[in-house]
Amino acid sequence: MLLNLVLSLLALLSCGGGVVVLAMVLTWQEHAATPDVRWRRLVYLVLPVTVLVAGLMLGSLTLVFRYWTPAAAG
């Protein structure tokens with residue numbers, strides 16, 4: 001039970017870190033000097049980072065759901 005709680009808190013912390021990373025990347029992309037540079041930053045960095053971070057966040061939430069699911073009696 002305690003292990004589930006600790007792992008759940010770590011997963012929530014990692015999700016919060018993912019939100020911070022996404023905010024930093026989007027802010028960096030918006031500070032580009034020209035629309036052309038903003039577009040290149042969006043396509044080559046922001047979209048791949050967003051897919052990666054969103055996948056990690058969904059994976060960690062899936063693990064949290066699995067931690068708290070009761071084991072099936074066999």
Side-chain angles (χ1 to χ4, degrees):
M1 179 78 171
L2 182 62
L3 179 63
N4 288 352
L5 183 63
V6 170
L7 291 174
S8 297
L9 290 174
L10 285 174
L12 289 175
L13 185 64
S14 71
C15 287
V19 170
V20 169
V21 167
L22 290 176
M24 287 175 25
V25 169
L26 287 171
T27 302
W28 174 76
Q29 185 255 345
E30 286 295 320
H31 282 43
T34 64
D36 184 46
V37 174
R38 280 194 294 272
W39 176 255
R40 274 189 271 136
R41 286 183 180 183
L42 175 72
V43 171
Y44 293 119
L45 183 79
V46 174
L47 292 178
V49 168
T50 302
V51 168
L52 178 69
V53 170
L56 290 173
M57 289 169 61
L58 286 172
S60 66
L61 289 176
T62 302
L63 287 176
V64 168
F65 294 149
R66 297 216 35 203
Y67 296 149
W68 292 101
T69 301

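Since this is a predicted model, take the numbers as computed values, not measurements.
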What's the shortest heavy-atom distance between Pro48 and Leu42, and which atoms?
-> CD-O, 4.4 Å

Could you tell me whether the side chain of Cys15 reaches within less than 4.5 Å of the side chain of Leu61, counting heavy atoms only?
-> yes

After noting the C-alpha distance and the side-chain angles of Val37 and Arg41, does the key distance pass the side chain to side chain contact (heavy atoms under 4.5 Å, CB included) rule?
-> CA-CA 6 Å; Val37 174; Arg41 286 183 180 183; 3.8 Å; yes

To the nearest 0.5 Å, tell me how far Leu12 CG sits from Leu7 CG.
-> 11.0 Å

OG1 of Thr50 to CE of Met57, rounded to nearest 0.5 Å, is 10.5 Å

Measure the spacing between CH2 of Trp39 and CG of Asp36 and express it to the nearest 0.5 Å.
-> 10.5 Å

Would you mind reporting whether Val25 and Gln29 have side-chain heavy atoms less than 4.5 Å apart?
-> no

Does CH2 in Trp28 sit with more than 12 non-hydrogen atoms of other residues, nucleotides or ligands closer than 6.0 Å?
-> yes

Answer yes or no: is there a side-chain heavy-atom contact under 4.5 Å between Val49 and Val21?
-> yes

Could you tell me the separation between the CG atom of Leu63 and the CH2 atom of Trp68, rounded to the nearest 0.5 Å?
-> 14.0 Å

Transitive ILVMFWY side-chain link Tyr44 to Val53, under 4.5 Å | yes

Among the clusters formed by ILVMFWY side chains lying less than 4.5 Å apart, do Leu47 and Val51 turn up in the same one?
-> no

Check whether Met24 and Val19 end up in the same hydrophobic cluster, where Ile, Leu, Val, Met, Phe, Trp and Tyr are linked by side-chain heavy atoms less than 4.5 Å apart.
-> no

Establish whether Leu5 and Phe65 are linked, either directly or via other cluster members, by ILVMFWY side-chain heavy-atom contacts under 4.5 Å.
-> no

